[in-house]
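All remarks here apply to the structure that follows.
Just so it is clear: chains get the letters A, B, ... in the order the sequence lines come, proteins before strands, and each one is counted from 1. Keep in mind that this is a model prediction, so the values were computed, not measured. Side chains included, hydrogens not; waters and symmetry mates left out as well; all remaining heavy atoms used.
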Amino acid sequence: MSERVNENLALPEAAPVQAKGFKCPNCGGPVNLELPGKSQSVRCPYCSSILEPQHDVLVLRDKYNEKLKYRMWIPLGATGKLDGIEFKCVGMVVRADDDGGEWSEYLLFNPYHGYRYLVESSGHWTLVRTEPGLGFDGSGRPGMTGPTGKIQLAGKKLKYFTHYDARVKSIVGEFPWQASLGEENEVTEYINPPYQASCEVVYAYVDKHGKQYSKKELEDLANDAKRANAERADEINEIAQNRRLTESNWSIGEYRYPEEIQAAFGLSEMPEKVGFGMCEPNPAKRRFLFALAWSAMLFLATTVTCSIVSGRAESKTVLDKTLSLNSAEFEFKTEGATDYLEFNFEPGEVELTKDTNVEFTLKSSLSQQWISFNVFMINEATGAGYIYDGELSRYYGGSGDDSWSEGSNDTDFQTEKMPAGNYYLFVAGATNVGVAEFKTSLLRYGQRVDAPAVPATAPLTPAAAKQAKTTPGAAAKALAPPPAAVPAPGKTGKLLPMDFPGRAFAPKLTFTMTAKRDVASVGSAVLFVFTLIGFLVYYYIRYRMKEGER
Amino acid sequence: MKDILKMYIFIPLTLLMFGWSMHRMFTQAGGKEPMTAQNLNVKNIRANPTSFRSVYMPRILSGGGK
């Protein structure tokens with residue numbers, strides 16, 4: 001803010017003025033004074049001259065003959081309610097920094113609450129008021145801990161944001177101070193969105209004779225010396241080092257959304273919002289906090305429900321059996337150039353007293369070996385079979401840093417929800433475990449002929465029996481033995497003889513099979529929780545990115 | 001408005017997912033899908049399991065029935 005003063009300071013300095021309508025002493029155009037007795041400078045809307053009201057006349061202070069080129073989004077005299085207080089727009093100051101950035105500061109007035117500044121920069125608005133109570137640290141720097149530190153404001157820590165030189169480019173309307181173009185001061189900004197605090201200071205530079213220079217005068221002096229090739233650099237540097245604080249103004253502000261300003265002043269047009277406002281609350285932060293709260297709530301609900309469901313589920317181990325493959329039935333087979341052993345064993349039964357799932361866990365002790373299997377669950381009452389396949393393999397090699405391994409000795413799977421009933425388990429599969437030993441045994445002890453094929457046929461159902469009675473020839477067809485077993489082409493099977501004495505020398509592999517019933521299916525819940533975490537990470541990254549853009 | 005719309009999408013979607021996962025958990029949905037076979041006679045399989053494995057199992061697994 002340019003030389004901000006509040007009304008308490010402005011009043012004693014203002015010349016007594018009662019009239020409201022004036023003529024410009026430069027161009028003769030009508031100039032209206034909204035706040036006679038308060039304003040110390042007013043700009044002519046026609047010739048842009050800066051005038052000073054004194055004893056019911058306007059005195060020409062700075063003469064200009066140009067048109068005002070800056071647009072006022074809030075027109076002079078417009079009224080609007082902010083924080084429940086009705087303000088009238090009485091002026092606007094356009095300022096710029098060294099980087100070419102420009103912003104507008106609208107001067108608002110309320111007879112009971114004094115002046116406020118509504119700052120518009122790239123479509124972002126901040127309502128600012130002066131705060132003379134804020135001071136300086138012990139070394140005379142603005143803020144409690146200096147430009148790189150933090151200041152405390154109403155219990156909030158405001159972080160240092162930026163420091164720059166601001167210059168008045170244009171003024172429109174009337175002001176309670178001696179406004180002029182080109183006025184310059186140093187600004188230090190602190191923020192904690194939506195709040196900001198800024199300290200504007202003016203320094204005077206003093207030479208060895210006690211003569212004071214403004215910053216602009218010192219710059220002009222340096223430029224003149226440069227043009228004249230005068231060797232005054234040391235002298236100018238000395239002056240630049242010897243500066244004194246002649247004026248300081250603290251102000252605090254709060255970010256306002258454009259919609260609020262537009263509604264307050266009934267504006268039909270607003271400047272386009274570009275990028276982030278200096279003290280605009282991070283919009284991503286709000287979403288992140290919302291997502292955090294929302295995810296935490298659902299995470300809690302999911303965890304509680306998982307616990308309830310897990311507690312409710314029986315998770316009863318119905319089968320825990322360690323089987324040695326050398327106690328199973330083996331058949332030596334060859335497919336192409338690959339020799340392998342087919343095996344089968346009957347681990348037992350699983351009784352399901354209600355419709356439920358079953359979780360199978362299988363462990364083995366493989367070493368450079370593989371095993372594939374099918375687990376048959378056959379309902380003894382209905383003859384319905386459910387077949388689940390799986391495989392295990394464990395290979396490794398190399399040494400030191402080049403060592404590698406793949407596969408695992410463990411696997412598990414969960415069945416879908418099975419109908420209640422008593423299930424007979426049958427496991428059959430193939431493996432390369434013990435192939436060499438089996439071949440040796442076959443050479444030594446001979447082989448057994450193929451076992452007779454017994455039809456795995458269920459008894460006739462009542463419907464089939466009825467059909468057999470009513471349809472000629474159907475009974476004979478239904479009771480006929482199944483077609484003879486035909487081995488798959490390219491496959492040959494060899495069994496050790498029944499009286500083979502050394503099964504223990506055949507394949508050696510421990511295969512542990514565990515079955516649990518009524519297991520809580522928390523897979524979907526886990527997936528849901530991971531999705532929640534994904535959402536959170538997404539919003540957090542957005543939040544951090546927006547912070548970075550600020 | 002955009003934020004509110006996003007929230008309106010975010011809330012129902014997550015609620016829907018929450019409901020879906022809870023439903024699956026309570027109903028024990030999911031699990032490995034089995035291959036099925038009908039009219040298997042446990043008595044006969046028990047009588048000669050090797051025959052079942054070497055003769056009938058390949059037919060069942062190839063989808064040709066027993």
Region of [X] that comes under 4.5 Å of a non-hydrogen atom in chain B:
{"X": "T531(A)", "answer": "side chain"}
{"X": "Y386(A)", "answer": "both"}
{"X": "E259(A)", "answer": "neither"}
{"X": "I308(A)", "answer": "neither"}
{"X": "D389(A)", "answer": "both"}

Within-4.5 Å side-chain heavy-atom neighbours: [X] and [Y]:
{"X": "I45(B)", "Y": "F376(A)", "value": "no"}
{"X": "S524(A)", "Y": "M25(B)", "value": "no"}
{"X": "W294(A)", "Y": "L15(B)", "value": "yes"}

With rounding to the nearest 0.5 Å, note down the distance linking [atom1] in [X] to [atom2] in [Y].
{"X": "L532(A)", "Y": "F18(B)", "atom1": "CG", "atom2": "CZ", "answer": "9.5 Å"}
{"X": "N48(B)", "Y": "N344(A)", "atom1": "CG", "atom2": "CG", "answer": "9.0 Å"}
{"X": "T382(A)", "Y": "L40(B)", "atom1": "OG1", "atom2": "CG", "answer": "9.0 Å"}
{"X": "M22(B)", "Y": "L298(A)", "atom1": "CE", "atom2": "CG", "answer": "9.0 Å"}

Q. NZ of K273(A): more than 12 outside heavy atoms within 6.0 angstrom?
A. yes
**Q.** Residue, of P34(B), A29(B), G30(B), that accumulates the most heavy atom pairs under 4.5 Å with chain A
**A.** P34(B)
Q: Answer with side chain, backbone, both or neither: which region of M35(B) has an atom nearer than 4.5 Å to a non-hydrogen atom of chain A?
A: both
Please give me the minimum heavy-atom distance between [X] and [Y], naming the atom from each residue.
{"X": "Y388(A)", "Y": "E33(B)", "answer": "CE2-C, 4.2 Å"}
{"X": "N357(A)", "Y": "Q28(B)", "answer": "N-OE1, 3.1 Å"}
{"X": "T14(B)", "Y": "F528(A)", "answer": "O-CE1, 3.4 Å"}

Q: Test the K32(B)-F413(A) pair against the cation-pi criterion, namely NZ or CZ under 6.0 angstrom from the six-membered ring centroid and within 45° of the ring axis.
A: yes
(Q) Below 30° counts as parallel, above 60° as perpendicular, anything between as tilted: where do the rings of F52(B) and F426(A) land? (A) perpendicular
Q. If you tally heavy-atom pairs under 4.5 Å against chain B, which of A291(A), A301(A), G385(A) wins?
A. G385(A)
